Amino acid sequence: INKGTLINVLTKGLSRKNVILAKFTCATLTWTICYYVAFLVVYLYNFLFWTDTSVSHLFFSVSCVWVFGIFLISTLMLGGVLFKSSYGSLLLTVGFMIIMMFMNMLQTIAQYNPLQLMSVNMALLTNTMVPSDLYISLSITAILSVITLISSILIFNKKQI
């Protein structure tokens with residue numbers, strides 16, 4: 001919006017919803033490809049240099065971090081719609097992270113915190129935690145991702161260009 005490149009595309013008939021969804025899809029694909037390529041490299045590295053490569057709940061643990069990344073992307077999308085600069089988008093995401101860090105301090109609501117998907121991976125891999133312990137947090141993270149994405153679409157539809 002700031003550079004004016006979207007004005008021509010939007011006046012030619014492209015819907016605002018498609019702009020947000022295309023940007024989200026590209027960011028998600030980039031995140032997915034980069035994340036799983038990096039995972040594959042590290043996994044192959046471990047497979048080549050160490051004999052014991054079996055860990056518990058590896059794919060679930062890796063997928064939890066991926067889902068948290070999708071949540072951060074949707075938060076960035078919301079910040080991009082709310083603020084005129086990329087700094088505002090980043091600050092909104094940092095604000096969400098700070099709120100989630102404070103939520104982690106309260107034991108009564110820590111199990112619902114999306115940040116738990118990032119912080120308990122070693123417990124999953126060492127089998128001191130089971131995947132069912134994260135189902136609530138995983139569901140809340142997915143719901144929050146959808147809510148922030150829908151909110152960014154609704155706000156962008158009403159935003160003056």
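Not measured: the values here are computed from a predicted model.
Using a 4.5 Å heavy-atom cutoff, the side chains of Val55 and Tyr43 are not in contact. When side chains are defined from C-beta on, Leu138 counts as touching Phe60, because their heavy atoms get closer than 4.5 Å. Looking at heavy atoms from C-beta onward, Tyr36 lies in side-chain contact with Val62 at the 4.5 angstrom threshold.
Taken together through direct or relayed side-chain contacts under 4.5 Å among Ile, Leu, Val, Met, Phe, Trp and Tyr, Leu92 and Ile147 form parts of separate hydrophobic clusters. Note on Phe68 and Ile143: separate hydrophobic clusters, where clusters join Ile, Leu, Val, Met, Phe, Trp and Tyr whose side-chain heavy atoms are under 4.5 Å apart, directly or indirectly. Hydrophobic clustering, with ILVMFWY side chains joined whenever heavy atoms are under 4.5 angstrom apart, groups Val19 together with Phe83. Under the 4.5 Å side-chain heavy-atom criterion for grouping Ile, Leu, Val, Met, Phe, Trp and Tyr, Tyr135 is connected to Val65 within one hydrophobic cluster. Linking ILVMFWY residues whenever their side-chain heavy atoms come closer than 4.5 Å, directly or via other members, leaves Leu78 and Ile150 in distinct clusters.
The CD1 atom of Ile140 sits 11.5 Å away from the CG atom of Leu134 when rounded to the nearest 0.5 Å. From Thr75, atom OG1 reaches atom CE of Met97 across 9.5 Å, with rounding to the nearest 0.5 Å. Annotation: the span from Leu144 atom CG to Phe96 atom CZ amounts to 7.5 Å, rounded to 0.5 Å. Considering CG of Leu21 and CZ of Arg16, their distance stands at 14.0 Å, rounded to 0.5 Å. Rounding to the nearest 0.5 angstrom, the gap separating the CD1 atom in Ile33 from the OG1 atom in Thr28 is 11.0 Å. Here CG of Leu149 is found 8.0 Å from CD1 of Ile20. Values are rounded to the nearest 0.5 Å.
With sequence neighbours excluded, the residues satisfying side-chain hydrogen bond (donor to acceptor under 3.5 Å, both in side chains) with Asn18 are Ser15. Partners of Val130 by side-chain contact (heavy atoms from CB on, under 4.5 Å), not counting sequence neighbours, listed by chain and number: Ser132, Asp133. Every side-chain contact (heavy atoms from CB on, under 4.5 Å) that Ser56 has, sequence neighbours left out, goes to Asn127. The side-chain hydrogen bond (donor to acceptor under 3.5 Å, both in side chains) search around Ser74 returns Thr148, not counting sequence neighbours. Scanning for side-chain contact (heavy atoms from CB on, under 4.5 Å) contacts around Leu90 gives Leu76, with sequence neighbours left out. For Lys23, the side-chain contact (heavy atoms from CB on, under 4.5 Å) test picks out Met77, with sequence neighbours left out. Scored by the ring-ring contact (aromatic ring centres under 6.0 Å, His included) test, Tyr112 finds no partners at all (sequence neighbours excluded). Scanning for ring-ring contact (aromatic ring centres under 6.0 Å, His included) contacts around Tyr87 gives an empty result, with sequence neighbours left out. Applying the side-chain hydrogen bond (donor to acceptor under 3.5 Å, both in side chains) rule to Thr32 yields the partners Trp66; only residues at least two apart in sequence or on another chain are considered.
Smallest separation of non-hydrogen atoms from Gly80 and Ser89: N-OG, 3.5 Å.
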Could you list the donor-acceptor pairs under 3.5 angstrom formed by side chains in residues 99-109, with sequence neighbours left out?
from: Asn104; atom 1: OD1; to: Asn113; atom 2: ND2; distance (Å): 3.1

Sequence neighbours left out, cut at 3.5 Å: what donor-acceptor pairs do the side chains of residues 114-124 make with other protein atoms?
from: Ser119; atom 1: OG; to: Leu115; atom 2: O; distance (Å): 3.3
from: Asn121; atom 1: OD1; to: Ser61; atom 2: OG; distance (Å): 3.4

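By the 4.5 Å side-chain criterion applied to Ile, Leu, Val, Met, Phe, Trp and Tyr, Leu40 is assigned to a cluster that also includes Leu44.
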